[in-house]
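See below for the structure under consideration.
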Amino acid sequence: MKFKIVSKGDQRSNNIKATMKQYLTGFDLVYDKEEPDLVISVGGDGTLLEAFHRYVHRLSKTAFIGIHTGHLGFYADWLPSEVEKLIIEIAKTPFQVVDYPLLEVIIRSKTGGKEDRFLAVNETTIKTADGSVVLDVEIKGEHFETFRGDGLCVSTPSGSTAYNKALGGGIIHPSLEAIQLTEMASINNRVFRTIGSPLILPKHHTLMLKPIADRSFLITIDHFTKTYANVKSIQCRVANEKIRFARFRPFPFWDRVRDSFVAEENIDAHLKER
């Protein structure tokens, strides 16, 4: 099996990376930066997101697994104290694959030309540095509402626990192929109205966001941000591709949610680990 290790870059993460690389190659696994079967992320969720976007071109062939060395990770579920156990598992046990839905984002320009297509693990957000965001919201080709406010967030089920949750969106199990649209401080008065609630769209529904005014937008894809001008439309839907996670032990989604946001004993254990 071919593997690659991506580190957060701090000393602790780099030490774990070096140790794992030494032992896994000692078990006759091949360290391959270009075409890995398994990408091991050592750091936090941000490190895993970086790894995903680095290997987004080979999602059908590469699986991901994370070790968290910083704050509690939602995707990075192995502890540094479990590295020895994980090394043995990787070397000796074929891993099972659990796949999660992804968000496809297509940005089209009024000037024509090539459209930009992205895949997101967590979400895309649309904001502006110039006044309010004003967008026509279309669902399945039909006008739904005109949004005015600070911005919009479109998230995946796994990303529903990230920025979406902070905005008051619901948590969706990743076995459901859906996307969620959540508002950021919408303007609601006698003149302007929005639905005011998160919307959950199934796989066969396409969301189209069309700017009304000519202005620049700050569009994020996970943790990357880019400024766009002359935007004709931003299309969002459940992607055909999925992210594949390597599993060597059960870790149900709701256990992840509980451990990340509710369980005090896991916080105590994390502090002791540090």
Side-chain angles (χ1 to χ4, degrees), residues 1-103 117-122 156 158-159 162 174 221-224 239-253 256 259-260 269-270 273-274:
M1 183 174 66
K2 297 179 291 185
F3 73 99
K4 170 73 167 68
I5 304 175
V6 178
S7 170
K8 180 181 179 181
D10 61 289
Q11 184 174 353
R12 190 184 195 191
S13 300
N14 287 341
N15 289 342
I16 291 174
K17 174 181 177 179
T19 299
M20 294 193 73
K21 183 177 180 180
Q22 177 184 349
Y23 280 99
L24 288 174
T25 52
F27 280 115
D28 294 329
L29 274 69
V30 178
Y31 194 75
D32 190 326
K33 297 180 180 180
E34 302 301 324
E35 298 181 339
D37 302 305
L38 178 67
V39 171
I40 304 165
S41 166
V42 185
D45 286 348
T47 310
L48 192 139
L49 290 175
E50 289 184 12
F52 164 80
H53 286 282
R54 186 180 304 181
Y55 293 99
V56 70
H57 60 287
R58 46 178 295 114
L59 295 179
S60 63
K61 301 176 182 177
T62 297
F64 299 84
I65 193 167
I67 303 168
H68 69 73
T69 57
H71 298 294
L72 285 172
F74 192 82
Y75 297 120
D77 49 53
W78 287 79
L79 292 166
S81 59
E82 299 175 304
V83 166
E84 183 177 338
K85 178 182 178 181
L86 180 57
I87 290 172
I88 298 299
E89 292 284 357
I90 293 173
K92 301 295 185 180
T93 309
F95 58 80
Q96 294 184 340
V97 171
V98 176
D99 51 31
Y100 283 4
L102 297 170
L103 169 67
R117 180 181 185 268
F118 302 98
L119 295 177
V121 179
N122 277 351
T156 65
S158 55
I221 305 293
D222 290 332
H223 57 307
F224 299 106
N240 292 324
E241 302 92 332
K242 292 187 176 183
I243 182 172
R244 302 164 68 242
F245 290 101
R247 290 283 184 266
F248 294 98
R249 61 183 181 188
F251 201 162
F253 177 77
R256 291 170 176 268
D259 290 354
S260 295
H270 175 67
E273 181 66 34
R274 293 184 71 184

Shortest non-hydrogen contact between Ile221 and Ala120, atoms and distance: CG2-CB, 3.9 Å

Nearest-0.5 Å distance, CG of residue Leu49 to CG of residue Asp222: 5.0 Å

Closest non-hydrogen atom pair between Pro80 and Ile67, with its separation: N-CG2, 4.1 Å

Set of residues satisfying side-chain contact (heavy atoms from CB on, under 4.5 Å) with respect to Arg247, sequence neighbours excluded: Asp77, Val98, Tyr100, Phe245, Arg256

Step-by-step side-chain contact (heavy atoms from CB on, under 4.5 Å) determination, Phe3 to Ile90: CA-CA 10 Å; Phe3 73 99; Ile90 293 173; 5.9 Å; no

Heavy-atom closest contact (Ser13 atom, Ser7 atom, distance): CB-OG, 3.3 Å

Gly159 to Tyr75 - nearest heavy-atom pair and separation: N-OH, 3.9 Å

Distance (rounded to the nearest 0.5 Å) between Phe64 CZ and Leu48 CG: 7.0 Å

With Tyr55 via ring-ring contact (aromatic ring centres under 6.0 Å, His included) - residues at least two apart: none

Test item: Lys8 and Glu50 side chains (from C-beta on) under 4.5 Å apart, heavy atoms: no

Leu86 side chain reached by Ile65 side chain, heavy atoms, under 4.5 Å: yes

Table please: side-chain donor-acceptor pairs of residues 25-40 below 3.5 Å, with sequence neighbours left out.
| residue | atom | partner | partner atom | Å |
| --- | --- | --- | --- | --- |
| Thr25 | OG1 | Lys21 | O | 2.7 |
| Thr25 | OG1 | Gln22 | O | 3.0 |
| Tyr31 | OH | Ile5 | O | 3.4 |
| Asp32 | OD1 | Glu34 | N | 2.8 |
| Asp32 | OD1 | Glu35 | N | 2.9 |
| Asp37 | OD2 | Lys2 | N | 2.9 |

Side chain to side chain donor-acceptor pair (under 3.5 Å) between Thr47 and Ser41, intermediate numbers included: CA-CA 6 Å; Thr47 310; Ser41 166; 4.7 Å; no

Contacts of type side-chain hydrogen bond (donor to acceptor under 3.5 Å, both in side chains), residue Lys242, not counting sequence neighbours: Glu177

Residues in side-chain hydrogen bond (donor to acceptor under 3.5 Å, both in side chains) contact with Glu84, at least two apart in sequence or another chain: none

Test log, rule side-chain contact (heavy atoms from CB on, under 4.5 Å), inputs Phe248 and Gln96: CA-CA 7 Å; Phe248 294 98; Gln96 294 184 340; over 6 Å; no

Worked verdict on Phe118 versus Phe224 for side-chain contact (heavy atoms from CB on, under 4.5 Å): CA-CA 11 Å; Phe118 302 98; Phe224 299 106; over 6 Å; no

Contact summary for Leu59 and Arg244, nearest pair of heavy atoms: O-CD, 3.0 Å

Phe52 to Leu119 - nearest heavy-atom pair and separation: CE2-O, 3.9 Å

Whether Ser158 side chain and Pro174 backbone form a donor-acceptor pair below 3.5 Å: no

Steps toward salt bridge (Lys or Arg N to Asp or Glu O under 4.0 Å) verdict (Arg249, Glu82): CA-CA 12 Å; Arg249 61 183 181 188; Glu82 299 175 304; 2.9 Å; yes

side-chain hydrogen bond (donor to acceptor under 3.5 Å, both in side chains) involving Thr93 - partner list, sequence neighbours excluded: Glu89

For Phe74, the option from Asp259, Asn122, Asp45 that meets side chain to side chain contact (heavy atoms under 4.5 Å, CB included): Asp45

